[in-house]
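Every value quoted in this text rests on a predicted model; they were computed, and no experiment measured them. Here is how names work: the chains are called A, B, and so on, in the same order as the sequence lines, proteins then strands, and each is numbered from 1.
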Number of protein chains: 2
Amino acid sequence: MLAKVGGELSLASSIHDLARHLNISIGTVSRALNGRADVNADTRQRVLEAAKKLNYSPNQSGRSLRQGATRSIAFMLQPHPGDQQYGEPFFIPFLTGLQARLADYDLDLMVVMGEPGQYQQERLRRVVETRRADAVVLANTRREDDRIDYLSKAGFPFATLGRSQSGGDTYPSLDIDFERAGDEAVDRLVARGHRRIAAIRPSHDLNFGYLFLDGYRKALERHGIEVDPGLIADGFINEAGGYQVTADVMLSKDRPTAIIFNNDAMALGGCKALAEMGIRPGHDIAVIVIVDTPLCRYFSPALTAFRPSLEPMGQRLAEMLLASIPAFAGPEGPRIIREVWPLELVARDSD
Amino acid sequence: MLAKVGGELSLASSIHDLARHLNISIGTVSRALNGRADVNADTRQRVLEAAKKLNYSPNQSGRSLRQGATRSIAFMLQPHPGDQQYGEPFFIPFLTGLQARLADYDLDLMVVMGEPGQYQQERLRRVVETRRADAVVLANTRREDDRIDYLSKAGFPFATLGRSQSGGDTYPSLDIDFERAGDEAVDRLVARGHRRIAAIRPSHDLNFGYLFLDGYRKALERHGIEVDPGLIADGFINEAGGYQVTADVMLSKDRPTAIIFNNDAMALGGCKALAEMGIRPGHDIAVIVIVDTPLCRYFSPALTAFRPSLEPMGQRLAEMLLASIPAFAGPEGPRIIREVWPLELVARDSD
DNA sequence: TGTGTTCTCGTAAACGTTTACGGAAAAACG
DNA sequence: CGTTTTTCCGTAAACGTTTACGAGAACACA
């Protein structure tokens, strides 16, 4: 179906055009442009001038083919299903940081989107197998993640935003300290007199749900509070899921006096359920959200939440990824780095 | 700096491997895979089986080089400056629709991000000149947009989300009917008894700001209300800008009784200014926002707003773009389509 | 002057595809 | 059986790069 596209560009000059124009060989032109040593100083000068004059820039397909590298990194962005109208604002600042650091290394960032419903595996395979990118960055890691299994089995370079139990220690990862956030949230609530604290998290095997719960449990134990399974609930990771599961928890015979939500969308749905029951966050119940978004801030009452520093995280993960790839890393060779970053509590009106 | 990356992939089999394995020529293999007519039915069968067995998939760089087309479309995503913590949720559903339709044509979507502050021109040139994509999609169109000038001068295929005065009728565009939304907003407010209605919009030469104002003016005239320049104000397109300009307008001697904000972030900042002055939207003043986001919905009071249907718009713009490219379009040849879609009023509590 | 080094450049192959062309074999037709 | 058409496949060039190799010229040194 597709033939030549954009072939009529007047600005599409090749290395051959430069060579012909200067009456030298294409080899010399290429060496001059790539800054190799074995080219005379003033032929290099002439080549660079001609390149500017003829508006030359290298064809990336040709270069990729020859070098076996595309100089682009793929980020797999997966919209959540049921996330009807608007997507996750979470990723934009992260991507901003990621892209900025990659640009320092002259690498392009390419965001690959999947259909909202289906899982990413197919799209990921496509990127890898057709060699559209040199490495990929994964997000929304699951506890057992077949994308990670696939990539490490294939020996394809990648890094993850979020940890997983899959793949061992073979890839760099950067995660938020959900465990500590869960712990601190409980700490804060206990200090304010709460003993019946509910934990609401997404199902789907998303790994941060487990980490959060670990911290929650650990803090309860430290305070000598028995963990009540009836206060721990999973739901679909969107507003409807949060509504549903919150309603369930609040209808149990022994209600919690505080809820920690592991996701902002679920918190919003939960608050809707609370409102319908006449229960006011900040007055009748305490609410804390683990990952802050603008919605938490503008909601009424404004929700107390733990906030990550997304843009620096994006920058850092780019560095970690690059350091793990032999062809990019310095003489020391590849290094696998894993980091877990703290969150900052933003105290507002809901607890 | 970069050498071979991922070259050790066990799954990287080429068309030569297939040919050797089957003892036929690479030409035949290629023809079989591409479904050409001049290949025997069972050699095609054997090729397809071998391709599956050896896990073959074509190297995109090789294919792109030969065909002069990359089979990918670039979307230029530009985070607004000062948009500190979280970015625009606006684009995710739009991109979801765009990607879905492109996938139907076996095209990849590649989102190219720029630095938050600087303008996109440089990054755009890079994509075009290194021929990383076959076409691009632009957003945040300005009234005079040098990206559009550049692309149409270069003869590079593109489409825009939003109109512009640049480039003439040479490219497809899909826009929201800001004019009508501004008109309807005034209508609604006048029907509720307002006569002093302020219009607050972004500066930056963003085109939708002009369109909105046209509708606003037209509706006022229709109702026989004189346009008061003191009620029209421009500000930086973020919360701080909205705060600033709203405070200014409210400090004028003859205050408005209603405000139409042309941007959600500015509306949020404006409401903060109002709150500090003890003015309550929905009681002491009416507030309407032109483009709805989840923030409008969760804000307190929930903001009345006009909502676009972003995902269908993404799908439609993909179709329009493809129809405009000779190599993609059907036998009728290229067609330039321009569409303007209506918004839906979501009445909430602020007016 | 002869020999060895250093600079500089051209030649050609290679990366993985697709495709125009031609030719051999098979089929169709008289 | 001879001729023409059809079917099928191999050959080779081409897309735009990079780079290993070698060779000529200039230079240094004895």
Side-chain angles (χ1 to χ4, degrees), chain A residues 1-9 11-47 51 54 56-71 129-132 134 327, chain B residues 1-9 11-20 22-47 51 54-71 129-132 134 327:
Chain A
M1 156 166 279
L2 172 65
K4 311 251 172 187
V5 171
E8 74 285 24
L9 285 193
L11 44 73
S13 66
S14 81
I15 215 170
H16 290 91
D17 300 326
L18 282 189
R20 201 173 325 118
H21 183 255
L22 292 169
N23 235 5
I24 58 179
S25 77
I26 60 165
T28 304
V29 174
S30 176
R31 282 190 300 263
L33 292 171
N34 291 352
R36 305 194 88 85
D38 57 347
V39 45
N40 186 294
D42 46 82
T43 55
R44 158 166 300 131
Q45 185 63 25
R46 285 169 49 227
V47 168
L54 298 194
Y56 169 81
S57 49
N59 178 304
Q60 186 56 44
S61 300
R63 179 177 271 193
S64 299
L65 180 58
R66 170 62 214 229
Q67 315 218 103
T70 62
R71 293 215 74 84
E129 291 175 5
T130 64
R131 269 132 284 172
R132 269 196 184 276
D134 297 338
Chain B
M1 157 168 280
L2 171 65
K4 311 251 171 184
V5 172
E8 75 285 25
L9 285 193
L11 44 73
S13 64
S14 82
I15 214 170
H16 290 91
D17 300 325
L18 283 190
R20 200 173 325 117
L22 292 169
N23 235 5
I24 58 179
S25 79
I26 60 165
T28 304
V29 173
S30 176
R31 282 190 300 264
L33 292 171
N34 291 351
R36 304 194 90 83
D38 58 346
V39 44
N40 186 293
D42 46 82
T43 55
R44 158 165 301 131
Q45 185 63 23
R46 283 168 50 224
V47 169
L54 298 194
N55 197 11
Y56 168 81
S57 49
N59 179 304
Q60 187 58 42
S61 299
R63 180 178 269 193
S64 299
L65 180 58
R66 168 64 213 231
Q67 315 218 104
T70 61
R71 292 214 75 85
E129 290 175 5
T130 64
R131 268 131 287 171
R132 270 194 183 275
D134 297 339

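Regarding B:R66, its CZ atom lies at a distance of 7 Å from the P atom of C:dA20, rounded to whole Å. Note: CD (A:Q60) to C1' (C:dG16) measures 16 Å, nearest angstrom. To the nearest angstrom, P of D:dC9 lies 11 Å from CG of B:L22. In this entry the distance linking CG of B:L18 with P of D:dC9 reads 15 Å, nearest Å. In this structure, the CG atom of A:N59 is 17 Å from the P atom of D:dA14, given to the nearest Å. Summarising the geometry, the separation between CZ on B:R46 and C1' on D:dC8 is reported as 13 Å, rounded to the nearest angstrom. Between the CD1 atom of B:I26 and the P atom of D:dC8 there is a distance of 21 Å, given to the nearest Å. One interatomic measurement links the two molecules: CG of A:D17 to P of D:dC15, which rounds to 11 Å at whole-angstrom precision.
Map A:T28 and A:L65 each onto its nearest nucleotide of DNA chain C; the residue landing nearer the 5' end is A:T28.
Minimum interatomic distance between A:D134 and A:R71 (heavy atoms only, all atoms of both residues): OD2-N, 2.7 Å.
One finds the CG atom of B:L18 at 11.0 Å from the CD1 atom of B:I26 (value rounded to the nearest 0.5 Å). Here the CZ-CZ distance, from B:R36 to B:R44, works out to 10.5 Å after rounding to the nearest 0.5 Å.
Residues A:D38 and A:R31 have side chains in contact (heavy-atom distance under 4.5 Å, counting atoms from C-beta outward). Between B:Y56 and B:I15, the closest side-chain pair of non-hydrogen atoms falls below 4.5 Å. Counting heavy atoms from C-beta outward, A:S61 and B:R66 have side chains that stay 4.5 Å or more apart. Using a 4.5 Å cut-off on side-chain heavy atoms (C-beta onward), A:R132 and A:T70 make no contact. At least one side-chain heavy atom of B:R131 sits under 4.5 Å from a side-chain heavy atom of A:S57. When side chains are defined from C-beta on, B:V29 counts as touching B:I24, because their heavy atoms get closer than 4.5 Å.
Looking at heavy-atom distances under 4.0 Å, A:I24 makes contact with sugar-phosphate atoms alone, never a base.
Contact between the side-chain N/O atoms of B:S30 and the OP1/OP2 oxygens of C:dT17 is not found at any separation under 4.0 Å. Within the 4.0 Å cut-off from OP1 or OP2 of C:dT18, at least one side-chain nitrogen or oxygen of B:N34 is found. For C:dC9, the OP1/OP2 oxygens have no side-chain nitrogen or oxygen of A:S25 closer than 4.0 Å. Close to C:dC9, at under 4.0 Å from its OP1 or OP2, lies no side-chain N or O of A:R31.
Residues from residues 36-45 of chain B placing a heavy atom under 4.0 Å of any atom in DNA chain C, listed by number, are B:R36.
Between its opening and closing five pairs, the helix from C:dT1-D:dA30 to C:dG30-D:dC1 changes axis direction by 50°, a value rounded to 10 degrees.
Side chains of A:T28 and A:S25: a donor-acceptor N/O pair is present below 3.5 angstrom, by distance only.
Out of D:dT18, D:dG16, C:dT17, the shortest distance to the side chain of A:H16 is found at D:dG16.
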